[in-house]
**Student:** 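Below is one structure. I have some questions about it.
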Amino acid sequence: MLLPPVILNNACRSISTSAVANHIIKLSRLRVVDNSEIGKQAMLEGRPPRCIHVYNKKGIGLIGDKILVAIKGEMRKGILVGLKQKQLSKVPKFDSNNLVLIDNNGTPLGTRIHVPIPHILRTKLKEKTHTKGADYTKLLAIAPRFV
């Protein structure tokens, strides 16, 4: 039995064929994994930071990218240190989108990172330290373990 075209069009409109957006884009929720005061308060209140801007040409955040987040009514910068999305080979996939808060010159706001960070982050942040003038070596120094 064939359906009239009007019913067919309405049925097809409810089917979505686009891919799931599991990148870090604007308004993505993140988890602060350092021990900075503003990060601890936001996570305890149940109001995690949200991404406002990604500092790269594509507008999609990957591991090691710098982003601007809104946290407790303030704008802060941060570095992505773990993502839920599918990664390249030998790069671990995390259960949540992890973020370390930094100030304008690249110094982390906290003194300890609570989760292991990917080993590939060492090479990515060292490249960005030389080219951009920011000092990300302190972020690598406070990391307890690498995966």
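Quick caveat: nothing in here was measured; it's all calculated off a predicted structure.
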**Student:** Tell me, do Q41 and I71 make a side-chain contact under 4.5 Å, heavy atoms counted?
**Tutor:**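 They are not in contact (no side-chain heavy atoms under 4.5 Å apart), so the answer is no.
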**Student:** Could you please spell out the steps behind the side chain to side chain contact (heavy atoms under 4.5 Å, CB included) verdict for L121 and H119?
**Tutor:** CA-CA 5 Å; L121 201 60; H119 187 71; over 6 Å; no
**Student:** Side-chain polar contacts of residues 73-82 - donor-acceptor pairs under 3.5 angstrom, sequence neighbours left out - could you list them?
**Tutor:**
from, atom 1, to, atom 2, distance (Å)
E74, OE1, R76, NE, 3.1
E74, OE1, R76, NH2, 2.7

**Student:** Just how far is it from atom CD1 of I67 to atom CD1 of I102, taken to the nearest 0.5 Å?
**Tutor:**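 Answer rounded to 0.5 Å: 9.5 Å.
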**Student:** Report, one line per pair, each donor and acceptor closer than 3.5 Å where one atom sits in a side chain of residues 44-51; sequence neighbours left out.
**Tutor:**
from, atom 1, to, atom 2, distance (Å)
E45, OE1, K72, NZ, 3.3
E45, OE2, K72, NZ, 3.0
R50, NH1, L27, O, 3.1

**Student:** So which atom in I60 and which in D65 form the shortest heavy-atom distance, rounded to 0.1 Å?
**Tutor:**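 In terms of heavy atoms, the two residues are closest at O-OD2, 3.8 Å.
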**Student:** Under 4.5 Å between side-chain heavy atoms, hopping through other hydrophobics if needed: is there a path connecting V115 to L109?
**Tutor:** yes
**Student:** Enter the distance from I63:CD1 to L83:CG here, rounded to the nearest 0.5 Å.
**Tutor:** 5.0 Å
**Student:** Going by atom types only, do N35 and T111 share a side-chain donor-acceptor pair under 3.5 Å?
**Tutor:** yes
**Student:** Quick one: salt bridge (Lys or Arg N to Asp or Glu O under 4.0 Å) partners of K40, sequence neighbours excluded?
**Tutor:** E37
**Student:** Taking side chain to side chain donor-acceptor pair (under 3.5 Å) as the definition, give me every residue that meets it alongside D103, ordered by chain and number, with sequence neighbours left out.
**Tutor:** none
**Student:** Would I142 and L101 show up in the same hydrophobic cluster when neighbours are defined by side-chain heavy atoms closer than 4.5 Å?
**Tutor:** yes
**Student:** On a heavy-atom basis, which atom in D34 and which in G110 lie closest, and how many Å separate them?
**Tutor:**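 In this case the closest contact between D34 and G110 is OD2-N, 3.7 Å.
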**Student:** The criterion is side-chain contact (heavy atoms from CB on, under 4.5 Å); which residues satisfy it with K58, sequence neighbours excluded?
**Tutor:**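 Result, side-chain contact (heavy atoms from CB on, under 4.5 Å) vs K58: N56, L62.
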**Student:** Would you list the pairs meeting ring-ring contact (aromatic ring centres under 6.0 Å, His included) in which at least one residue belongs to residues 55-77, sequence neighbours left out?
**Tutor:**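 Of all non-adjacent pairs touching residues 55-77, those that pass ring-ring contact (aromatic ring centres under 6.0 Å, His included) are H53-Y55.
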**Student:** Minimum heavy-atom separation for V32 and G39, please, with both atom names.
**Tutor:**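 Answer, listing the atom of V32 first, then G39: CG1-CA, 3.8 Å.
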**Student:** Can you tell me how far CD1 of I113 sits from OG of S36, rounded to the nearest 0.5 angstrom?
**Tutor:** 10.5 Å
**Student:** Say whether M43 and I24 are linked into one hydrophobic cluster, either directly or through other cluster members, by side-chain heavy-atom distances under 4.5 angstrom.
**Tutor:** yes
